[in-house]
Amino acid sequence: MGVTTERSTILKTQEGTLTTALTRTQASMDLKVQPFDFTQGAAAGDATSTQGLVKMPAGKHTVIGMVVACSAFGSSRVLDIGYEAHTKSDNATAVNALATAFKEDLDVSAAATVFIPLNVAMDSVGGYVVNATVAGAPGNGYIPAAATLKGHVIFA
């Protein structure tokens, strides 16, 4: 075998060596990033405690993924990541809160950084808040004082 130099279909199209039309997604996708940086206060929070992470912009967009870095919460601890209630951009349709819209049972027992791949269409008149919720029964799950959640939401 020898060394090869190959081109992808998209690159060949961009260079004009292949005459196939690119879709809008292939040609360019305007990705946006919304960062968050959360630190729990001086008191620990019991199961079902929520952590407001970031307010996403109004309008229609698709959440492509999330990166979440957490401190160690302790043995058997998990978080759900979703959104608070909001109204669609038609200004008439209410959307109920959904604590598990983006991730259910994210393991936060040890410090970690994870990528959560998504493809979730969102629509809001005034934006919506992405939040995390401590999962588990009271006494089984909690967020320690000074625990951290950092990362970003990737959307288009």
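- In this structure, CD in Q51 is found 11.5 Å from OG1 in T148, a value given to the nearest 0.5 Å.
- Taking both residues in full, the closest heavy atoms of L31 and A156 are given as CD2-CB, 3.9 Å, listed atom of the first, atom of the second, then distance.
- There is no path of hydrophobic side-chain contacts, each under 4.5 Å, that joins V129 to L98.
- E84 contributes atom CD, which lies 12.0 Å from atom OH of Y128 (distance to the nearest 0.5 angstrom).
- Considering every non-hydrogen atom in both P144 and A72, the closest pair reads CG-O, 4.3 Å.
- Expressed to the nearest 0.5 Å, how far OG of S71 lies from CZ of F38 amounts to 10.0 Å.
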Review item, side-chain donor-acceptor pairs of residues 105-127, under 3.5 Å, at least two apart:
{"from": "D107", "atom 1": "OD1", "to": "S109", "atom 2": "N", "distance (Å)": "2.9"}
{"from": "D107", "atom 1": "OD1", "to": "S109", "atom 2": "OG", "distance (Å)": "2.7"}
{"from": "D123", "atom 1": "OD1", "to": "S89", "atom 2": "N", "distance (Å)": "3.1"}
{"from": "D123", "atom 1": "OD1", "to": "S89", "atom 2": "OG", "distance (Å)": "2.6"}
{"from": "D123", "atom 1": "OD2", "to": "S89", "atom 2": "OG", "distance (Å)": "3.4"}
{"from": "S124", "atom 1": "OG", "to": "G127", "atom 2": "N", "distance (Å)": "3.1"}

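- Minimum heavy-atom separation, F36 to L149: CD1-O, 3.9 Å.
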*Determine, step by step, whether V130 and I81 satisfy the side-chain contact (heavy atoms from CB on, under 4.5 Å) criterion, reporting the C-alpha distance in whole Å, the side-chain angles of both residues, the deciding distance to 0.1 Å, and the verdict.*
CA-CA 7 Å; V130 174; I81 301 175; 4.0 Å; yes
*Take F73 and L79 through the side-chain contact (heavy atoms from CB on, under 4.5 Å) test and state the conclusion after the steps.*
CA-CA 10 Å; F73 283 27; L79 285 178; 4.0 Å; yes
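- With rounding to the nearest 0.5 angstrom, the CD atom of Q34 is 11.0 Å from the CE atom of M66.
- Pairing each heavy atom of A135 with each of D80, the nearest pair is CB-OD2, 3.9 Å.
- Test D37, V67, L53, V68 against K150 for side chain to side chain contact (heavy atoms under 4.5 Å, CB included) and you get one pass: D37.
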*Test log, rule side-chain contact (heavy atoms from CB on, under 4.5 Å), inputs V63 and F102*: CA-CA 9 Å; V63 177; F102 302 125; 4.0 Å; yes
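- Using a 30° and 60° split on the angle between ring planes, F155 and H61 fall in the tilted class, from 30° to 60°.
- When all heavy atoms of A147 and I143 are compared, the pair lying nearest together is CB-CG1, 3.6 Å.
- If you take NZ on K55 and NE2 on H86, they are separated by 11.0 Å, rounding to the nearest 0.5 Å.
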